[in-house]
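Input: a single structure, listed below in structure tokens.
We count residues from 1, following the sequence as given. Bear in mind the structure is a predicted one, so any value in this text is a computation, not a measurement.
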Amino acid sequence: YSQRDVRWIPNAFLTDVLVGAATFSPQRNDSLYLLTDLKQQTTHATGALNVTWTPVTALWQHLVVGLDRARSRYRDDQPAGVPDSLNPAALDVETSRVGTLTAGYEGGWGLALGRVASRLSWGADLRHRTIDDSTRFESGGGSQTSAFHGKDTIRGFSIQERVGVDDRLFVTGGVRWDDATQSDATGLEAFPAAEVSYLVPTSGFWPRWWRSLRLRFGIAQAGLPLRPITSPPLVIVPMPVAGLQPLRPERARELELGLEGSWLDGRVALQYTYYAARTTDVQALVQAPPSGGFAGTLLRNVGTISNRGHEVSLDVDVLRGPAVRWDLGAIWSTNHSAAHDVGNVRVAIFSPSGGTGVDAEMRDSVAVPSYYGNVVTNPDAVGVTPTFETRAIGPAYPTFSYDFTTRLGLGRIALSVLAEGQGGNWLPFVTAWRSVRVGTWPGCLDVQNALTSGDTTGLTAGQRAA
């Protein structure tokens, strides 16, 4: 069980501090924002029961049942006199409760016949989730309330067989059936998978310091993970809509190549993975044709997404002694995506908060999702009117990530350090955008002064667009 209580400082406080003399607060008193009682409390409780039964060495059974309950309460109490509050005072209370019940079963049977070993496993899982949201808003003696209740249940079954020869060659194949993929069809969808790995012999071929090398190759198919329940709920119209094909299940096919090696008596370990995935019949919300009798958005198949990337990890034991041990580790991973066959359908994935005028969308031949917005097409031209065009600004999600770790052990004392980061993507800076809009962003003051005076002859089109 955990509980977290947070008091937030209003965003408007930071914005007004940055804009200086252009503050919206009376008598330029930014401290009035701090009168707002802006709090959030989150509680989280989890529990699980595990049962394992192994009547004989070759046969095992495992059952786990888990319960997860989370509650979040957000309170925004703005008294009269706060610059960004409504007139009169306003109170906003938002509460969310999510409960998840999970159950999973796994069984297996192993058999060895000479040089060949077999391991057959099977399993089933169930997840039931409920969500309750409520909102209460009070202002000027009146109040508004809203509530939402939703639930979903998914189930799955799987079977897998793994065969090993001489503890070097391993072939694995399996299939999973589940109903987590949304479609107009009913019943369970099947998703097969296969993997081959080989442990390269080291004795008599590799140098003595080369301890082991394993090569991996795998191919798998998966469905769309269950989307989180949203408020308001996602509406899927069960009746056919004119001009639209029936909703097909989203499927992802992935190819994976990799190797695992260790050297110098295990002091140096390296893992490398390359993956290439292609998701067909991607599902997204699109505007339904009004002629179909439904004016809202529908979950439809809109195209294909390809993903590819690399992941490399390296672990080194620099010192390995009875009293002192020093380890180093590093991980580097990349992910590049692109959309295909989307056509002219506008697929908005999400819009950043703050009203910056950009949306994260899915469009052909660019990363998914990417920010789109008005871009100045002649930024370096001097003394001319800026022209605008809607273009891709850049990926909304990181295209690479890394982390570095080091651990120093001195007897029973251990010191660990972690450094991590990610990049390759764009993030909207709402505070800067709002400050530019009111002419108070420090980096643009000279340009804004020239715009205010009307002397724009020496400004470029990019500067005039500010």
| said: Name the residue from L101, N50, V51 that meets the side-chain contact (heavy atoms from CB on, under 4.5 Å) definition with V65. | reply: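 Of all the options given, the one that passes is L101.
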
| Can you tell which of L314, D317, D315, L328 makes a side-chain contact (heavy atoms from CB on, under 4.5 Å) with V268? |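 Only one option passes, and that is L314.
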
Is it true that the side chains of [X] and [Y] contain a donor and an acceptor less than 3.5 Å apart?
X    : Y    : answer
D133 : S96  : yes
N335 : T399 : no
S121 : E106 : no
H128 : T153 : yes
Y272 : E260 : no
T334 : H310 : no
Q3   : D5   : yes
S401 : S333 : yes

| said: Among residues at least two apart in sequence or on other chains, which ones pass side chain to side chain contact (heavy atoms under 4.5 Å, CB included) with V417? | reply: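 For V417 the side chain to side chain contact (heavy atoms under 4.5 Å, CB included) partners, ignoring immediate neighbours, are T406.
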
Does [X] reach the main-chain N or O of [Y] with its side chain, forming a donor-acceptor pair under 3.5 Å?
X    : Y    : value
S337 : N307 : no
S197 : L215 : no
T460 : Q463 : yes

Least distance between heavy atoms, [X] atom then [Y] atom:
X    : Y    : answer
W60  : G110 : CZ3-N, 3.8 Å
I393 : Y372 : CD1-C, 4.2 Å
R176 : G156 : NH2-CA, 3.7 Å
F404 : A330 : CD2-CB, 3.6 Å
Q61  : G107 : OE1-CA, 4.2 Å
N378 : P386 : OD1-CA, 3.6 Å

| query | Stepwise, does the side chain to side chain donor-acceptor pair (under 3.5 Å) test hold for S212 with S262? | reply | CA-CA 5 Å; S212 66; S262 64; 2.9 Å; yes

Is atom [atom1] of [X] surrounded by more than 12 heavy atoms (other residues, nucleotides or ligands) closer than 6.0 Å?
X    : atom1 : result
W263 : CH2   : yes
R214 : CZ    : yes
I413 : CD1   : no
W8   : CH2   : no

Rounded distance [0.5 Å steps], [atom1] in [X] versus [atom2] in [Y]:
X    : Y    : atom1 : atom2 : value
S134 : R73  : OG    : CZ    : 9.0 Å
T304 : R278 : OG1   : CZ    : 5.5 Å
D76  : L38  : CG    : CG    : 5.0 Å
W122 : W109 : CH2   : CH2   : 8.5 Å
L259 : Y274 : CG    : OH    : 14.5 Å
R115 : L169 : CZ    : CG    : 10.5 Å

Do [X] and [Y] touch side chain to side chain, with heavy atoms closer than 4.5 Å?
X    : Y    : result
E250 : T279 : yes
R320 : W326 : no
V302 : M362 : yes
T36  : D77  : no
T280 : R253 : yes
V376 : F388 : yes
I159 : V175 : yes
Q160 : T172 : yes

| task | Using the side chain to side chain donor-acceptor pair (under 3.5 Å) rule, take H44 and S2 through it: C-alpha gap first, then chi angles, then the decisive distance, then the call. | result | CA-CA 5 Å; H44 192 194; S2 64; 4.8 Å; no

| query | Parallel, tilted or perpendicular: which fits the ring planes of Y402 and F400, with parallel below 30° and perpendicular above 60°? | reply |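 Aromatic pair Y402/F400 classed parallel.
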
| message | Between L59 and W53, does the side chain to side chain contact (heavy atoms under 4.5 Å, CB included) criterion hold? Intermediate values first, please. | response | CA-CA 9 Å; L59 179 65; W53 181 50; 5.6 Å; no

Does [X] pair with [Y] as a salt bridge, N-O distance under 4.0 Å?
X    : Y    : value
D125 : R127 : no
E256 : R216 : yes
K151 : D132 : no

| task | Provide the full list of salt bridge (charged side-chain N to carboxylate O under 4.0 Å, His left out) pairs with a residue in residues 31-43, sequence neighbours left out, each pair given once. | result |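 Sorted result for residues 31-43: D37-K39, D37-R75.
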
| So R71 and Q41, side chain to side chain contact (heavy atoms under 4.5 Å, CB included) or not? Walk me through it. | CA-CA 8 Å; R71 177 182 179 272; Q41 182 185 79; 3.6 Å; yes

| query | Are R407 and T405 close enough, and set up right, to give a side chain to side chain contact (heavy atoms under 4.5 Å, CB included), and what steps lead you there? | reply | CA-CA 7 Å; R407 183 178 184 275; T405 60; over 6 Å; no

| query | How far apart are the C-alpha atoms of T135 and D92, what are their side-chain angles, what is the distance that settles it, and do they pass the side chain to side chain contact (heavy atoms under 4.5 Å, CB included) test? | reply | CA-CA 7 Å; T135 301; D92 183 16; 3.9 Å; yes

